[in-house]
Amino acid sequence: MEHNTGTHRPFRKPNDQPVYINASSNHPKSIIKHIPEAIGKRLSALSSNQGIFNSAAPIYDEALEKSGFKEEVKSKKADAKERVTGENKKRRRKRNVIWFNPPFGKNVKTSIAGTFLKLLDKHFPQGSDSTKIFNRNCVKVS
């Protein structure tokens with residue numbers, strides 16, 4: 001933050017070079033697809049104006065290119081809709097949900113979620129004492 005001008009810019013240590021995961025790495029497609037967008041959103045939030053954003057973006061564009069991405073960083077200011085405000089918030093009952101997050105791997109062909117839910121039905125049948133806690137309404141797979 002520069003107190004004289006009232007502007008702010010993204011901070012990097014002098015010898016720091018940003019490094020990102022490779023575009024062909026073993027991560028979900030949705031994660032890899034949104035990396036350039038997330039970097040642009042972060043730079044936009046840390047830059048007080050378009051000129052500062054444009055001066056900081058080439059370093060991040062180069063890091064993305066080294067990681068195998070074809071996209072460039074684009075300026076994206078947060079919309080008013082994206083900001084979370086406490087107004088008009090309805091009070092809702094919190095549900096007790098258990099989430100199962102299986103590890104991700106591109107080379108896995110088995111439906112891990114389906115297998116997990118079949119095991120849930122097999123080991124916690126209707127009428128057992130644990131069905132109230134472990135059933136398809138209370139256990140979700142991401």
Checklist line | Minimum heavy-atom distance between Val97 and Lys140, given as atom pair plus value | finding: CG1-CG, 3.4 Å
Next item on the list: Considering non-hydrogen atoms only, spot the tightest contact between His27 and Phe104 and give its length.
Entry: C-CE2, 3.2 Å
Item checked: Heavy-atom pair of closest approach, residues Ala113 and Val141 -> CB-CG1, 3.4 Å
Next item on the list: May I ask you to decide whether Lys41 forms a salt bridge with Glu37, counting only side-chain N to carboxylate O separations under 4.0 Å?
Entry: no
Notebook entry, point to check: Nearest 0.5 Å, what's the CG-CG distance between Asn54 and Asn49?
Noted result: 9.0 Å
Notebook entry, point to check: Going through the distances and angles, do Ile98 and Ile133 end up as a side chain to side chain contact (heavy atoms under 4.5 Å, CB included)?
Noted result: CA-CA 9 Å; Ile98 301 169; Ile133 299 169; 4.3 Å; yes
Check: What's the verdict on side chain to side chain contact (heavy atoms under 4.5 Å, CB included) for Phe69 and Ile32, showing C-alpha distance, side-chain angles and the deciding distance?
Finding: CA-CA 9 Å; Phe69 290 92; Ile32 292 173; 3.8 Å; yes
Note to self: Ignoring hydrogens, what is the shortest heavy-atom contact between Ile21 and Ser67? Give both atom names and the distance.
What the structure shows: O-CB, 3.5 Å
Check: Should Phe53 and Ile35 be counted in the same cluster of Ile, Leu, Val, Met, Phe, Trp and Tyr side chains packed under 4.5 Å apart?
Finding: yes
Notebook entry, point to check: Closest heavy-atom contact between Ala63 and Pro18?
Noted result: CB-O, 3.2 Å
Notebook entry, point to check: Is the number of heavy atoms from other residues, nucleotides or ligands within 6.0 Å of CG (Asn101) greater than 12?
Noted result: yes
Check: Once you round to the nearest 0.5 Å, how far does CZ of Arg12 lie from CD of Gln17?
Finding: 5.5 Å
Notebook entry, point to check: Among the clusters formed by ILVMFWY side chains lying less than 4.5 Å apart, do Ile52 and Val73 turn up in the same one?
Noted result: no
Notebook entry, point to check: Counting N and O atoms only, with roles assigned by atom type, does the side chain of Lys106 sit under 3.5 Å from a partner on the main chain of Ser25, one being a donor and the other an acceptor?
Noted result: yes
Check: residues 119-126 side-chain donor-acceptor pairs under 3.5 Å, at least two apart:
unit_1 : atom_1 : unit_2 : atom_2 : d
Asp121 : OD1    : Arg136 : NE     : 3.4
Asp121 : OD2    : Arg136 : NE     : 3.1
Asp121 : OD2    : Arg136 : NH2    : 2.7

Notebook entry, point to check: Under 6.0 Å from the CG atom of Asp129, do we count more than 12 heavy atoms belonging to anything else shown?
Noted result: no
Next item on the list: Report yes or no: does Asn26 contribute a side-chain atom to a donor-acceptor pair with the main-chain N or O of Gly105 at less than 3.5 Å?
Entry: no
Margin query: Taking CD in Gln50 as the centre, count heavy atoms belonging to other residues, nucleotides or ligands within less than 6.0 Å. Is the count above 12?
Written below: yes
Next item on the list: Return the orientation label for the Phe100 and Phe116 ring planes: parallel under 30°, perpendicular over 60°, tilted otherwise.
Entry: parallel
Notebook entry, point to check: What pair of heavy atoms forms the shortest contact from Glu71 to Leu64, and how long is it?
Noted result: O-CD1, 4.2 Å
